[in-house]
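What follows is a single structure, written as structure tokens, with notes after it.
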Amino acid sequence: MTTEAELLAKVPTQLFIGGDWVDSTSGRAIAVHDPATGMVLLSIADASVEDAAAAMDAAADTQASWAATAPRVRGEILRRAFDLMQQRADEFALLMTLEMGKPLAEARGEVTYGGEFLRWFSEEAVRISGRYGKNPEGTGRMIVTHLPVGPSYLITPWNFPLAMATRKIAPAIAAGCTAIIKPAELTPLTTLYFAKLLDEVGLPKGVLNVLTTSTSREVSAPIIADPRLRKLSFTGSTGVGQTLLKQAADTVLRTSMELGGNAPFVVFEDADLDKAVDGAMLAKFRNIGQACTAANRFIVHSSVADEFASKLTERVKALKIGRGTEEGVAIGPLINAGAVDKADSLVQDAIARGAQLLTGGTRVAGDGSFYEPTVLTEVVAGSDILREEIFGPVVTIIPFTDEADAVAKANDTEYGLVSYVFTRDLARGQRLIESLQTGMMGLNVGVVSNAAAPFGGVKQSGVGREGGLEGIHEYLETKYVLTPDPFSS
Ligand code: NAD
């Protein structure tokens, strides 16, 4: 078993540009912290605008040769990356726990989920198909083919340091696109370690470039404005996504936007309440509540709301808080002190407006940014906590009266990423598939993510889908060709 110090010694601390690990021209460094202790884990390169230009040159210069590389070769690089990731699963898991704080068991789960994108897209690389057929008039032949979009800029958030990177890098590689990835400055180590792995399995120089920076806006703007860039894929908050969409408009970039969420978790009176509570624990407390898919509002039929609240509270009180590396810990730290302040202010606002506190509701004293898992019930309409992403371990319960009331409450948000519904009534479940305004839905389950499924949202939760059959098309252009009827020419 690799120790923390041995692992950190293996993680690159430089920028990865054109296949070489290089120092930043800025001369600055970013200190990466362990949110459980506040200690510095590593200091890494802090990219400048000049470094961004070098990464853009590398991605643009490599595009033609990478697009010309056989799909099988591209797929096999991804497959080797998948295999090597399995061998290093414990290391990747520990690294994520150190820099992000999630419990080790969950970090292992993310290695499985994140690794699956490598395997899935290794298989998709050789299945980029087209069409050939007569036009309706019979006067010509129509050819439809798919070509790589071109150099892509990938921006990822801190909450899933591996999966958000592989979910973008794997389809880009499979499709024949070169890329620059900019991980979040709070958790860049996993991406650096993953880039090292891709280098080891033979990814040609320049296909993937990594920029770590504390000045995301300054470094990203010239890349996004560069006419050689053809694609921007972003996962993060809706506010930053809106800014990037405006920037992308100038060069009419293809964009994929995986943005924020405010997931409703609807429990009907006919639901299996124990299964609903199991689902709720996953949908709320995975990643310490810091997931775009986290259930933000529990909308529960008034006849079962008290029972649901008390069963859930019992489970929540048993959750162990601590550093993610400790055995049995379910609630690690939030990413930083600001995240604790935000969660606490939302909780205090809800209580001030009349919500009942069943457990939690306070920060944990000491080093690290911990917040007690919390359950609030009878949360009053208009409370900030129902409108904003909580991004912390806080349950809010709101009662409803009938199906129409549940649907209206669930859809009362500008977000539309995912919804969860618990009911034993099949027809009702089918009605909700169509009436809930979300890109994804968990019907009697509390987690939906799967590399084989199209992940993404509607409304202000985003544009495009990652994973599934759809995922590779985010990195492909469709080209249509017409030729004359070969029998009459
Ligand atoms: P964030 O928007 O603050 O940052 C995301 C990334 O964008 C980071 O790498 C950051 O450095 C970069 N960034 C910030 N401002 C930028 C700018 N002006 N130009 C270029 N880059 C910029 O989000 P976060 O706090 O890292 O992540 C949490 C958010 O991500 C939540 O809203 C969550 O819902 C969302 N999220 C969405 C999904 C999804 O698939 N829909 C998945 C995970 C997280």
Side-chain angles (χ1 to χ4, degrees), residues 30-41 95-104 106-107 110 155-164 183-190 214 216 235-241 258-263 283-297 316 319-325 329-351 357 359-376 383-396 415 417 461:
I30 305 172
V32 182
H33 294 87
D34 177 343
T37 62
M39 305 285 283
V40 174
L41 295 166
L95 193 54
M96 279 191 277
T97 294
L98 292 179
E99 66 173 341
M100 186 272 161
K102 68 183 73 191
L104 206 44
E106 287 192 28
E110 185 173 344
I155 304 178
T156 52
W158 52 263
N159 59 345
F160 291 99
L162 181 66
M164 298 302 98
E185 71 205 74
L186 294 168
T187 61
L189 305 181
T190 305
S214 64
S216 294
T235 298
S237 58
T238 295
V240 173
E258 298 285 351
L259 309 178
N262 182 354
K284 180 75 250 182
F285 294 103
R286 196 169 66 104
N287 227 36
I288 319 140
Q290 302 169 112
C292 53
T293 51
N296 220 54
R297 296 166 296 145
V316 171
L319 293 173
K320 184 175 169 192
I321 306 174
R323 192 173 189 231
T325 47
V329 161
I331 300 291
L334 296 187
I335 189 67
N336 55 23
V340 175
D341 291 344
K342 183 185 170 198
D344 192 51
S345 77
L346 290 174
V347 167
Q348 300 317 326
D349 171 76
I351 293 172
L357 179 69
T359 187
T362 48
R363 16 178 125 230
V364 178
D367 296 334
S369 38
F370 292 91
Y371 196 76
E372 282 185 357
T374 299
V375 179
L376 294 170
S383 301
D384 293 346
I385 205 162
L386 302 181
R387 224 182 37 248
E388 292 183 28
E389 278 191 290
I390 304 171
F391 249 56
V394 182
V395 172
T396 61
Y415 293 108
L417 190 60
S461 285

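Keep in mind that what you see is a predicted model, and the values were worked out from it rather than measured.
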Restricting to salt bridge (charged side-chain N to carboxylate O under 4.0 Å, His left out), what partner residues turn up for Asp384, sequence neighbours left out? Arg353, Arg387

Please list, chain by chain and in numerical order, all residues satisfying side-chain contact (heavy atoms from CB on, under 4.5 Å) with Leu357, sequence neighbours excluded. Ile351, Thr374, Leu376

Output all residues satisfying side-chain contact (heavy atoms from CB on, under 4.5 Å) with Asn262, sequence neighbours left out; order by chain, then residue number. Asn296, Arg297, Thr413, Tyr415

Once side-chain hydrogen bond (donor to acceptor under 3.5 Å, both in side chains) is applied, do any residues pair with Asn159, and if so which ones, sequence neighbours excluded? none

What I want to check is whether the side chains of Glu99 and Thr187 have a donor and an acceptor closer together than 3.5 Å. no

By side-chain hydrogen bond (donor to acceptor under 3.5 Å, both in side chains), Asp34 pairs with (sequence neighbours left out) Arg323

So, do Pro103 and Ile288 sit near enough that their side-chain heavy atoms are less than 4.5 Å apart? yes

Applying side-chain hydrogen bond (donor to acceptor under 3.5 Å, both in side chains), name anything that partners Ser214, two or more places apart in sequence or on another chain. Asp46

Counterpart residues, side-chain hydrogen bond (donor to acceptor under 3.5 Å, both in side chains), relative to Ser216 (two or more places apart): Lys182

Please enumerate all residues that pass side-chain contact (heavy atoms from CB on, under 4.5 Å) together with Ala283, with sequence neighbours excluded. Phe265, Ala295, Tyr420

Just to verify, what does Glu110 make a salt bridge (charged side-chain N to carboxylate O under 4.0 Å, His left out) with, not counting sequence neighbours? Lys102

Between side-chain atoms of residues 331-339 and protein atoms elsewhere (two or more places apart, or another chain), which donor-acceptor pairs fall under 3.5 Å?
| residue | atom | partner | partner atom | Å |
| --- | --- | --- | --- | --- |
| Asn336 | OD1 | Gly338 | N | 3.3 |
| Asn336 | OD1 | Ala339 | N | 3.0 |

So, using ring-ring contact (aromatic ring centres under 6.0 Å, His included) as the criterion, who are the partners of Phe391 when residues are at least two apart? Trp158

Do the non-hydrogen side-chain atoms of Ser383 and Asp349 ever get within less than 4.5 Å of each other? yes

